[in-house]
Visitor: 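Let me give you the structure first, and then I'll get to my questions.
Sequence positions, counted from 1, serve as the residue numbers for this chain.
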Amino acid sequence: MKTKSKNITTLEQFKEKHYGKIGTPKRDELEAGYENFKIGAMIHEARLQKGMTQEQLAEKAGTTKSYISKIENNVKEARFSTLQKIVEIGLEGRLELSIRL
């Protein structure tokens, strides 16, 4: 059986073709947007695992349901201090930060 491997494009190749190499403004914007999306998705998943509504999480973390919704739906970037409250107080979790060089 033959495969069409020559037509397969990796995600990295796609990003380079359409957004440029890492370090270019357009590519950096794409990568930053993806990180914000990931944060929102992780908060959403953790909230569901805890069986909480957005309103319950917001109340516990000292913010609003609207703010939680905007973070989860990648409409708004969370400040680090607010993200820390959401994770540590609201979700009773631990926020870990790393820097890679």
Side-chain angles (χ1 to χ4, degrees):
M1 198 173 0
K2 283 187 171 184
T3 61
K4 297 181 180 182
S5 61
K6 60 184 171 186
N7 293 331
I8 295 174
T9 301
T10 67
L11 178 59
E12 188 60 32
Q13 290 168 331
F14 177 86
K15 290 190 294 186
E16 279 193 18
K17 179 179 178 182
H18 296 280
Y19 296 93
K21 293 193 178 288
I22 292 174
T24 60
K26 192 173 179 182
R27 177 66 179 269
D28 287 349
E29 185 178 339
L30 173 74
E31 298 297 336
Y34 177 67
E35 290 304 313
N36 289 328
F37 168 78
K38 257 187 357 186
I39 289 169
M42 289 188 303
I43 288 174
H44 176 79
E45 183 63 30
R47 179 179 60 76
L48 293 179
Q49 284 180 1
K50 289 280 192 169
M52 298 174 79
T53 65
Q54 289 178 340
E55 192 168 344
Q56 289 169 325
L57 176 57
E59 186 176 316
K60 198 168 178 186
T63 188
T64 64
K65 177 192 178 294
S66 172
Y67 191 77
I68 298 294
S69 176
K70 287 176 182 176
I71 292 170
E72 287 185 356
N73 292 294
N74 197 29
V75 173
K76 185 164 185 75
E77 291 180 26
R79 292 182 56 188
F80 183 78
S81 59
T82 305
L83 183 59
Q84 198 168 16
K85 287 179 188 173
I86 291 168
V87 173
E88 294 178 0
I89 297 170
L91 295 168
E92 298 174 352
R94 189 169 135 215
L95 182 62
E96 295 180 355
L97 179 67
S98 66
I99 296 175
R100 293 184 208 161
L101 302 176

Visitor: Determine, step by step, whether Glu12 and Glu16 satisfy the side chain to side chain contact (heavy atoms under 4.5 Å, CB included) criterion, reporting the C-alpha distance in whole Å, the side-chain angles of both residues, the deciding distance to 0.1 Å, and the verdict.
Guide: CA-CA 6 Å; Glu12 188 60 32; Glu16 279 193 18; 3.7 Å; yes

Visitor: Please check if atom NZ in Lys60 has more than 12 non-hydrogen atoms from other residues, nucleotides or ligands closer than 6.0 Å.
Guide: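 Enclosed: over 12 neighbouring heavy atoms sit under 6.0 Å from NZ of Lys60.
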
Visitor: Can you sort out the partners of Glu31 under side chain to side chain contact (heavy atoms under 4.5 Å, CB included), two or more places apart, ordered by chain and number?
Guide: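 Partners of Glu31 by the side chain to side chain contact (heavy atoms under 4.5 Å, CB included) criterion, ordered by chain and then number, come out as Lys15, Arg27.
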
Visitor: Using every non-hydrogen atom in the two residues, find where Ala78 and Leu83 come nearest and quote the distance to one decimal.
Guide: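 Looking at all heavy atoms of both residues, the closest pair is CB-CB, 4.2 Å.
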
Visitor: Between the side chains of Glu72 and Arg47, is the shortest nitrogen-to-carboxylate-oxygen separation below 4.0 Å, so that they form an ion pair?
Guide: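 Salt bridge present between Arg47 and Glu72.
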
Visitor: Indicate the atoms forming the closest heavy-atom contact of Thr64 with Ala58, along with that distance.
Guide: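 So the two residues come closest at C-CB, 3.3 Å.
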
Visitor: Using modelled atom types and a 3.5 Å cut-off, is there a donor and acceptor pairing between side-chain atoms of Glu29 and backbone atoms of Lys26?
Guide: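 Flag not set: sc Glu29 to bb Lys26 has no pair under 3.5 Å.
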
Visitor: Would you give the length of the straight line joining atom NZ of Lys38 to atom CE of Met42, rounded to the nearest 0.5 angstrom?
Guide: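 Result: 6.5 Å between the selected atoms.
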
Visitor: Side chains of Ile43 and Leu57, heavy atoms from C-beta outward: is any pair under 4.5 Å?
Guide: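 Side chain of Ile43 against side chain of Leu57, heavy atoms only: contact under 4.5 Å found.
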
Visitor: Quick one: list whatever passes side chain to side chain contact (heavy atoms under 4.5 Å, CB included) with Glu45, sequence neighbours left out.
Guide: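 Checked Glu45 against side chain to side chain contact (heavy atoms under 4.5 Å, CB included); matches are Gln49.
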
Visitor: Would a hydrophobic clustering, with Ile, Leu, Val, Met, Phe, Trp and Tyr connected at side-chain separations under 4.5 Å, put Tyr67 with Phe80?
Guide: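 Yes, Tyr67 and Phe80 fall within the same hydrophobic cluster.
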
Visitor: Measure the spacing between OH of Tyr19 and CG of Asp28 and express it to the nearest 0.5 Å.
Guide: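 The OH atom of Tyr19 sits 13.5 Å away from the CG atom of Asp28.
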
Visitor: Could you check whether atom CD of Glu59 has more than 12 heavy atoms from other residues, nucleotides or ligands sitting under 6.0 Å from it?
Guide: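 Count not over threshold, so no.
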
Visitor: Please walk me through it: do Ile71 and Ile86 pass side chain to side chain contact (heavy atoms under 4.5 Å, CB included)?
Guide: CA-CA 11 Å; Ile71 292 170; Ile86 291 168; 3.8 Å; yes

Visitor: Can you tell if the side chain of Met52 reaches within under 4.5 Å of the side chain of Leu91, non-hydrogen atoms only?
Guide: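 SC-SC contact between Met52 and Leu91 confirmed.
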
Visitor: So with a 6.0 Å cut-off around CD of Glu88, is the heavy-atom count from everything else above 12?
Guide: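 Check passes, neighbour count above 12.
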
Visitor: Are Lys50 and Gln56 side-chain neighbours, meaning at least one heavy-atom pair lies under 4.5 Å?
Guide: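 No, side chains not in contact.
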
Visitor: Are there over 12 heavy-atom neighbours, none belonging to Glu77, within less than 6.0 Å of that residue's CD?
Guide: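 Counting other residues, nucleotides and ligands, CD of Glu77 stays at 12 neighbours or fewer.
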
Visitor: Should Ser66 and Lys70 count as side-chain neighbours, where that means a heavy-atom distance under 4.5 Å?
Guide: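 Yes; the side chains approach each other to less than 4.5 Å.
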
Visitor: Using side chain to side chain contact (heavy atoms under 4.5 Å, CB included), reason through Leu95 and Leu97 one step at a time and then give a plain yes or no.
Guide: CA-CA 7 Å; Leu95 182 62; Leu97 179 67; 5.9 Å; no

